[in-house]
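Notes follow once the structure below has been shown.
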Amino acid sequence: MNKQSGTNTDDTLREVTRKVSVAIIGAGTAGQNAFRQASKIKDDVVIINEGFWTTTCIAVGCMPSKLLIAAADRAHDANHSAEFGIHATAQIDGKQVMERVRDERSHFASYIKKQVDSWPDHKKIDGRARINEQGLIEVNDELIAADQIIVATGSSPFIPDGWADKLGDTMLTSDSVFELEDLPKTMAVVGAGAIGLELAQAFTRLGVEVTLLNRAKQVAGLKDDDINNKAMDCLSHELTMHLGSEITDVGTQADDGNKSAFIKYKDSASESQQWQGEYVLVATGRRNDIKQLGVENLGVKLDDKNRPKNLSKKTGQIGDLNVYIVGDANANIPLLHVASDEGYSAGSMVCENTEAAYIRPPATPFSIVFCSPQIVNVGMSLPEIQKDSELEFVIGSVSFDNQGRSRVMGVNCGLLHIYACKKTDRILGASMVGPDAEYIGHILATAITNDLSIKDMLDTPFYHPTILEGLRTALRDVQDKMEIPYQSQDAQEDNF
C-alpha cells in the first residue's frame, strides 16, 4: 500500500476508522504549535498524546527547575552577605520549598490546559500511538490513516543500563526530582550538563550535601577550554565536583535498617572512591523516543543514536516523505525556542495554502545554563570556527573578576570570549561564564541574527555602571585585534 494514503489491500487487517489530512503525535511545545498552525487551514487535523498535555518545559523542565533555583538563590543571598556587613542565616523549610515549586508549576500548566481544553474533543486523542507496518497509526481502538504525519514525541531522561534496577527508589531524574516532598540531606548528581549543573547548585544552596560527578573534565558542554576552566573555577567555590571520574558501579545498601544509595567510581587520578547517600540524581542527558513509535514503517531511517536521517533542519521534513519530526524528537537542538519554531514550520508546511506555509528561518544557535555564574553559548563554537580553514578570526576577551558593577554586586567571577571574522567585521559566536550572561547572550544573538558589525555594536550606548559594560570591553578587544582598530579606548575604564 501507499504508506501515506491509508489504502489497505489486505482484508485480513482491521479497517481504517478515521482518515485525516494531518496527524500530530505528541502535544509538547512543538506538537501544540504544529497543531495550531495546521488547524488554521486544515479542518481534519488530530493530535495524539500520551501522558500530560502540557509541555516538558512546564512539567519537568525549565519552569520547575527555575522555581527551585529562585528559592536557592534567596537562601544563598541570605547566607552569603557577610562581605556587605549583613549577617544572617536562612532557615530553609524544605517541604515549603518543594510545595511552592509544584504549586507554581501547576499555575503555569493551567494556562496550557485552558488552551488544550478549548480544542475540539474529536481532534484530541489521549493514548499511546504506534505506527504499524502499513504506515497507519494505531491508538486505543482506532486505526488512523493520515496524509501527513508530524512526530513531536519529545524526549525522556537517559538512564545507563541497569541503574534503575540497582538504585530502585533511590534514583531520581529530572522527571521525578520535583516530586520530592522534602529536601534530602544528601544527593549525588551524575552529569554536569545544563540539567545536572543547575540542579546540583540549587540543591547545594538549599542545604543539601551534593556531590557532582562527570566523566569529562568539562561542565555545561563548554567547548572553549579557557571558558570551561573559568567555569570550573567559579563553580568550585561552592560545588563539590569530581570531574573526569569513571563510575564503575551503583547500588543500594542497608545501614541500621535504612536504605542508602552508593556509587563506586575512579577519580581523575584513577583512584577508587565511593560515595554514599540518600539519592542519586541521574542527569546524563535526554534521548528521543521515536524508535519505539515505529517511524521506520513510514520510511524513516535512523542512525545509531536514533536520530532521523535526511532531516531538514528548516522544516523537520524527512527527505521527500510526508513525515516531519520536530522538537526534541529529532535530537537536533533540544531547546524550547527551537522546538517552537520547528513545530510552527512543520504545521505551515503541511498546509497546501502557500501563503500560510511560512517557514521561520533557523534561529541563531543560543543556549543558557542558569547556574551562578551563568553559562552562555551563542552562534558558532570555537571548534567549528577553527575547523573552517578559510575563516580568519580573532578572539575578544573580558574578565569579570574585576569588572566594575560585577565587583559592586559581589558576583565578580567570569570570562567572555567573542569570536569575530576579520574580513567581515562580524561576530561569529561567543562563549561566556559570568554574571548577567543571559542578557549579554541575547544581545550577541541579536547582533548575529541581524548581521551587525563590531562597529555597529560599539556605536550603541552602554550605560554606566552596568555589568553589560563588560560586553563593550570585549568588543573593543575584538576591534583592537582587527586590522583597522575602531576608536580603541582603555578597556580598564569599565572597572570603575
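Within a 6.0 Å radius of CZ in R74, no more than 12 heavy atoms belonging to other residues, nucleotides or ligands are found. Within 6.0 Å of CG in D141 there are 12 or fewer heavy atoms belonging to other residues, nucleotides or ligands.
Relative orientation of the H442 and F366 rings is perpendicular, given thresholds of 30° and 60° on the angle between their planes.
With sequence neighbours excluded, no residue satisfies salt bridge (Lys or Arg N to Asp or Glu O under 4.0 Å) with D126. Considering only residues two or more places apart in sequence or on other chains, E278 meets the side chain to side chain contact (heavy atoms under 4.5 Å, CB included) condition with P184, K185, T186.
Salt-bridge formation is not detected for the pair D226/K230: no Lys NZ or Arg NE/NH1/NH2 atom is positioned less than 4.0 Å from an Asp or Glu carboxylate oxygen. A salt bridge links D121 with K124: the distance from a Lys NZ or Arg NE/NH1/NH2 to an Asp or Glu carboxylate oxygen falls below 4.0 Å. Ion pairing of R18 with D44 is absent here, as no side-chain N (NZ or NE/NH1/NH2) approaches a carboxylate O to less than 4.0 Å. For the pair R130 and E138, the salt-bridge criterion is met [side-chain N within less than 4.0 Å of a carboxylate O].
Considering every non-hydrogen atom in both E342 and G327, the closest pair reads OE1-N, 2.7 Å. Pairing each heavy atom of A27 with each of W53, the nearest pair is CB-CE3, 3.7 Å. V139 approaches A129 most closely through the heavy-atom pair CB-CA, 4.2 Å. The minimum heavy-atom distance between L180 and M98, with the atom names listed, is O-CB, 3.3 Å. D289 and S155 make their closest contact through OD2-C, 3.8 Å (heavy atoms, listed as atom of the first residue, atom of the second, distance).
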Subject >> side chain to side chain contact (heavy atoms under 4.5 Å, CB included) between T240 and V210, worked out >> reply: CA-CA 7 Å; T240 300; V210 176; over 6 Å; no

Problem set entry | Evaluation steps, side chain to side chain contact (heavy atoms under 4.5 Å, CB included), between V323 and V295 | CA-CA 9 Å; V323 181; V295 291; 5.9 Å; no

Open item on the list: T364 vs V378, test: side chain to side chain contact (heavy atoms under 4.5 Å, CB included). Steps then yes/no.
Closed with: CA-CA 7 Å; T364 298; V378 184; 4.2 Å; yes

- Can you check side chain to side chain contact (heavy atoms under 4.5 Å, CB included) on C57 and M63, steps first, answer last? CA-CA 6 Å; C57 167; M63 302 315 289; 3.9 Å; yes

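Counting only distance, with no hydrogens or angles, the side chain of Q374 and the backbone of E438 share a donor-acceptor pair below 3.5 Å. Panel note: side chain H107, backbone D103; no donor-acceptor pair is recorded below 3.5 Å. At distances below 3.5 Å, at least one donor-acceptor pair connects side-chain atoms of N33 with backbone N or O atoms of S340. Proximity of a side-chain donor or acceptor of D224 to a complementary backbone N or O of S431 within less than 3.5 Å is not detected.
Side-chain N/O atoms of Q317 and S312 include no donor and acceptor closer than 3.5 Å.
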Name the atoms and distances for all side-chain donor-acceptor pairs under 3.5 Å in residues 194-206, with sequence neighbours left out.
residue, atom, partner, partner atom, Å
E198, OE1, K66, NZ, 3.1
E198, OE2, F370, N, 2.7
Q201, OE1, S372, N, 2.7
Q201, NE2, E238, OE2, 3.3
Q201, NE2, S372, O, 2.7
T204, OG1, A200, O, 2.8
R205, NE, E238, OE1, 2.9
R205, NE, E238, OE2, 3.4
R205, NH1, D73, OD1, 2.8
R205, NH2, E238, OE2, 2.8

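Applying the side chain to side chain contact (heavy atoms under 4.5 Å, CB included) test between L391 and each of E384, Q386, M380 identifies M380 as the sole match.
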